[in-house]
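I am attaching a structure below and will ask some questions about it afterwards.
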Amino acid sequence: MDDPTESQTPRRSPALPIAIVAVVLAAVSAAVVFVVASSSGSQFDPVETAKLAPADTHYFMAFNTDFASDPWTAVPRLLTALDIEQDVRDDLDDAVAEDDLDFDDDVRPVLGTVRRAGMAAQYTSDGGEWVLFIDSRDPQRVLDIGWGTSVLDSTERDDELGLDFDLYFDRSDRTDTPTAVTLHDGIIYIA
C-alpha cells in the first residue's frame, strides 16, 4: 500500500500538450500553404481570399484559382501516373452533362473568370454552418452555369451575414435540400 505521507506528483492533463501540438501543426500548415502559393509563380493569395470570410469564422480554406500555377499544371501528370486520368475526365464530363453542359465549352471558360474562392465554416451548438464564396470577373456567368437549370423556390434572409439568399432546388420535385445563393458586391455567396 502507498504511504499517505509520501508526496505525490500531481498528474498533468494531456489537453495542454495536445493543444500546443495542434497550434504548431496549424502554424506549420499555414506557412507551407503560404510558401507554396507564393513560390509557385501563382497569383493565388490566401490572405486576400480570407478577407471575404465572415469575421466570426472558425475554419477557413482558400482555393487556388490560378489554373496556370504549378500545382494545377501538375494535376494531369499526377492523374496519368495514377492511371486514372481518363476515368476522372469521363466522370467530370458525365457530371456536367447531367445539367446539359459541356465541360470544355461551358465550364472551362467560366473557371477562367474566377479570381478568388474560399470556404468558411462556423460550428455552433446546433451544428455547423458554412459559406462558399467566389469572386469572379463575370459573376452572372458563374451563376448561370451553376444554377441556370435549378428551380428557384424562395428568398431567405441570413441576419448574421446581412444578406438575402435565393433558395434553389436541383430538381423540380423539391425533394432535395435547397442551396442558398446570393450575389453581393460582385461576390457570389453559397450556403
Side-chain angles (χ1 to χ4, degrees), residues 26-79 85 88-89 91-93 95-122 128-150 152 155-158 160-168 170 178-191:
V28 168
S29 297
V32 167
V33 167
F34 185 75
V35 168
V36 168
S38 61
S39 66
S40 66
S42 172
Q43 299 299 314
F44 171 64
D45 184 355
V47 175
E48 282 300 310
T49 305
K51 293 177 182 176
L52 298 175
D56 59 352
T57 296
H58 292 158
Y59 299 97
F60 171 76
M61 180 176 21
F63 303 106
N64 181 348
T65 59
D66 181 2
F67 298 107
S69 65
D70 293 339
W72 278 109
T73 59
V75 169
R77 291 190 307 270
L78 174 64
L79 296 176
E85 181 180 14
V88 170
R89 287 181 187 274
D91 289 346
L92 188 60
D93 287 339
V96 297
E98 288 178 12
D99 289 325
D100 297 323
L101 299 172
D102 179 80
F103 183 80
D104 288 325
D105 294 339
D106 301 314
V107 178
R108 187 181 303 272
V110 172
L111 291 175
T113 71
V114 176
R115 293 183 287 231
R116 299 179 284 177
M119 187 181 85
Q122 179 182 46
E129 295 180 0
W130 60 269
V131 64
L132 174 70
F133 36 88
I134 301 170
D135 176 12
S136 170
R137 287 184 295 280
D138 191 351
Q140 191 58 53
R141 192 168 176 194
V142 173
L143 289 171
D144 290 345
I145 290 293
W147 290 273
T149 61
S150 298
L152 176 61
T155 300
E156 186 176 280
R157 178 98 178 141
D158 184 317
E160 288 184 40
L161 293 175
L163 299 174
D164 292 320
F165 284 87
D166 291 331
L167 301 180
Y168 288 93
D170 288 337
T179 302
V181 182
T182 194
L183 178 62
H184 179 73
D185 290 338
I187 308 296
I188 301 167
Y189 293 88
I190 306 158

Worksheet item: Once you round to the nearest 0.5 Å, how far does OH of Tyr168 lie from OG1 of Thr179?
Response: 10.5 Å
Practice prompt. Give a yes or no on whether Arg89 atom CZ has more than 12 heavy-atom contacts from other residues, nucleotides or ligands under 6.0 Å away.
Written response: no
Discussion item. Using 0.5 Å steps for rounding, measure from the CD1 atom of Ile187 to the CG atom of Leu163.
Written reply: 11.0 Å
Practice prompt. Identify the two heavy atoms, one from Ala68 and one from Thr73, that lie closest to each other, and give their separation to 0.1 Å.
Written response: O-CG2, 3.7 Å
Item to complete: Write down the atom of Asp166, the atom of Thr155, and the distance for their closest heavy-atom approach.
Response: OD1-OG1, 3.0 Å
Worksheet item: Residues two or more places apart in sequence or in another chain: which of them pass side-chain hydrogen bond (donor to acceptor under 3.5 Å, both in side chains) with Asp164?
Response: Arg157
Item to complete: Locate the shortest heavy-atom distance separating Trp130 from Ile190; write the atom from each residue and the value.
Response: CZ3-O, 3.3 Å
Response to the item:
Looking only at heavy atoms, the pair that brings Leu132 and Phe63 closest together is CD1-CE1, 3.7 Å
Worksheet item: Of all heavy-atom pairs between Pro139 and Ile188, which one has the smallest distance, and what is that distance?
Response: O-CD1, 3.6 Å
Discussion item. Does the plane of the ring in Tyr189 sit parallel, tilted or perpendicular to the ring in Phe133? Use 30° and 60° as the thresholds.
Written reply: tilted
Worksheet item: side chain to side chain contact (heavy atoms under 4.5 Å, CB included) between Val75 and Leu79: does it pass, once the steps are laid out?
Response: CA-CA 6 Å; Val75 169; Leu79 296 176; 3.8 Å; yes
Exercise answer: donor-acceptor pairs, residues 107-121 side-chain atoms, under 3.5 Å, sequence neighbours excluded:
{"from": "Arg108", "atom 1": "NE", "to": "Asp104", "atom 2": "OD1", "distance (Å)": "3.1"}
{"from": "Arg108", "atom 1": "NH2", "to": "Asp104", "atom 2": "OD1", "distance (Å)": "3.0"}
{"from": "Thr113", "atom 1": "OG1", "to": "Val110", "atom 2": "O", "distance (Å)": "2.7"}
{"from": "Thr113", "atom 1": "OG1", "to": "Ser136", "atom 2": "OG", "distance (Å)": "2.7"}
{"from": "Arg115", "atom 1": "NE", "to": "Asp135", "atom 2": "OD1", "distance (Å)": "3.3"}
{"from": "Arg115", "atom 1": "NH2", "to": "Asp135", "atom 2": "OD1", "distance (Å)": "2.8"}
{"from": "Arg115", "atom 1": "NH2", "to": "Ser136", "atom 2": "O", "distance (Å)": "3.3"}
{"from": "Arg116", "atom 1": "NE", "to": "Asp135", "atom 2": "OD2", "distance (Å)": "3.0"}
{"from": "Arg116", "atom 1": "NH1", "to": "Glu48", "atom 2": "O", "distance (Å)": "2.9"}
{"from": "Arg116", "atom 1": "NH2", "to": "Asp135", "atom 2": "OD2", "distance (Å)": "3.0"}

Item to complete: Kindly compute the distance separating CG (Leu143) from CZ (Arg141), expressed to the nearest 0.5 Å.
Response: 12.5 Å
